[in-house]
There are 2 protein chains.
Amino acid sequence: MTEKQENILSAALTLFAEQGFAATSTNKVAKAAGVSEGLIFRHFKNKEGLLAAIFEMVTERTKVILADVVMTNDPKEVIYKILELPFVINPRDYRMWRLIYAMKWQIQQYNTEKMEPVKLAAKNAFEKLGYDNPEAESELLLMLLDGAATAILLHEPRDKEAVLLAMKEKYKH
Amino acid sequence: MTEKQENILSAALTLFAEQGFAATSTNKVAKAAGVSEGLIFRHFKNKEGLLAAIFEMVTERTKVILADVVMTNDPKEVIYKILELPFVINPRDYRMWRLIYAMKWQIQQYNTEKMEPVKLAAKNAFEKLGYDNPEAESELLLMLLDGAATAILLHEPRDKEAVLLAMKEKYKH
DNA sequence: TTTTATAGTGAGTAATCACTTGCAAATGTA
DNA sequence: TACATTTGCAAGTGATTACTCACTATAAAA
């Protein structure tokens, strides 16, 4: 991976996240990355290939982040760790997550699959804790996770700490 | 509002929701609506004007839907009605909501303002019920609402009824 | 009847789109 | 050194883009 390749990926990630994939021309990406437009196609074949490369990068990162949750044994800790996820995102990664969340509405497969192991871990935790309907509870937890992440990425709630506390409260017993 | 104007708005709504605003050409909209391309610009000035007209339509509809929640007095009923919102969406309105939720990531102002009265009603309800931090609780409730709506619009959870039940359970006391 | 206004068309327009090509410079590798 | 490969650029390509313009159709008002 040369420096210019990285520049292209970084510029594309920013622009795709800010303006959307379709609204971002390869010309804009090239200018933002400080390279010729042709180089994008040399390295990534076409515009979709560029998006695919970004998603590959993203998938690797998310695997690392989510691994900790899935490997946890204590059921209550699993739930708490899932709830904490959106609150411990590194602000440097915001553009990455914004891209993922925005693309969800255009491309289906990318997001749901990625969270499947988390959902399974949650379901398992709820089973261990004796919840009435672990399947529904895990579905609900992922909805909450999604909603919290959206709020943080879009309008940064005033008192994040208090919101997290209120969330955990709902899963005390 | 002539029939062709309505056709344009309806076709644009569908296409914008399915493929995104930027990825939908005015040519496509005209063909789907069965009118000449020029007519779009006669009635809506430009492509953004078309989007603005759609959002105006949408804003009127949401006002009607949300009015019922805001006018409710009993605090527990307010919370339940907010939670139920995503579950009682008319499937015919799915494309409308998908467009709104997708556009959230490109245009900021449209969505947050619209939910402000709901958030206020929720905060008021939590205050009446003696919750520790009504501000944080109302923020959390809106996150949950957002997450639930997203799940329903994107991948239609298996047992919606059970999820709603689990949600209400969290606000029993 | 003439005028005015609105609704609608279809063929343009310049600009921008994703993408290709030919060629030069840099970088390995023997 | 010589040669092969990769990296990079500039200048293209045809297709598509949002939008304009000159024009017609309909119909109500003057």
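Naming convention: chains lettered A, B, ... in sequence-line order (proteins, then strands); numbering from 1 in each chain. Just the heavy atoms: all of them, side chains too, but no hydrogens, waters or symmetry mates, feed the values below.
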Salt bridge (Lys or Arg N to Asp or Glu O under 4.0 Å) evaluation trace for Glu18(A) with Arg95(A): CA-CA 8 Å; Glu18(A) 279 173 5; Arg95(A) 56 177 191 160; over 6 Å; no
If I take atom [atom1] in residue [X] and atom [atom2] in nucleotide [N], what distance separates them, rounded to the nearest angstrom?
X        : N       : atom1 : atom2 : answer
Met1(A)  : dT7(D)  : CE    : P     : 12 Å
Lys45(A) : dT6(D)  : NZ    : C1'   : 19 Å
Ile40(A) : dT20(C) : CD1   : P     : 13 Å
Phe44(A) : dC19(C) : CZ    : P     : 14 Å
Leu50(A) : dC17(C) : CG    : P     : 15 Å
Glu3(A)  : dT27(C) : CD    : P     : 12 Å

Any residue of residues 22-39 of chain B with a heavy atom less than 4.0 Å from an atom of DNA chain C: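 Per residue number, the list reads Val35(B), Ser36(B), Gly38(B), Leu39(B).
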Can you measure from CD1 (Ile100(B)) to CH2 (Trp105(A)) and round to the nearest 0.5 angstrom?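 Result: 10.0 Å between the selected atoms.
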At what distance, to the nearest 0.5 angstrom, does NZ of Lys76(B) lie from CG of Asp74(B)?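 Output value for this atom pair is 8.5 Å.
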Under the rule for salt bridge (charged side-chain N to carboxylate O under 4.0 Å, His left out), what residues qualify as partners of Lys81(B), not counting sequence neighbours?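 Once residues adjacent in sequence are excluded, the partners of Lys81(B) under the salt bridge (charged side-chain N to carboxylate O under 4.0 Å, His left out) criterion are Asp68(B), Glu77(B).
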For [X], does the [atom1] atom sit with more than 12 other heavy atoms under 6.0 Å from it, leaving out its own atoms?
X         : atom1 : result
Asp132(B) : CG    : no
Lys31(B)  : NZ    : no
Lys45(B)  : NZ    : no

Of all of residues 4-20 of chain A, which get a heavy atom below 4.0 angstrom from DNA chain D, listed by number?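 Here the set is Lys4(A).
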Relative to the ring of Tyr171(A), is the ring of Phe126(A) parallel (under 30°), tilted (30 to 60°) or perpendicular (over 60°)?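 The rings of Phe126(A) and Tyr171(A) sit tilted, inter-plane angle from 30° to 60°.
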Comparing Asn46(B) and Arg42(B) on DNA chain D - which has the more 5′ nearest nucleotide: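 Final value for this comparison: Asn46(B).
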Taking only the side-chain heavy atoms of Lys47(B) (C-beta and beyond), determine which of dA7(C), dT7(D), dC19(D) contains the nearest atom.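 Among the listed nucleotides, the one closest to the side chain of Lys47(B) is dC19(D).
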Does the pair Lys104(B)/Asp146(B) count as a salt bridge with the N-to-O cut at 4.0 Å?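 Counted as a salt bridge, because a side-chain N and a carboxylate O are separated by less than 4.0 Å.
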So, does His43(B) get its side chain near the phosphate of dT6(C), meaning an N or O under 4.0 Å from OP1 or OP2?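 No, no such contact exists.
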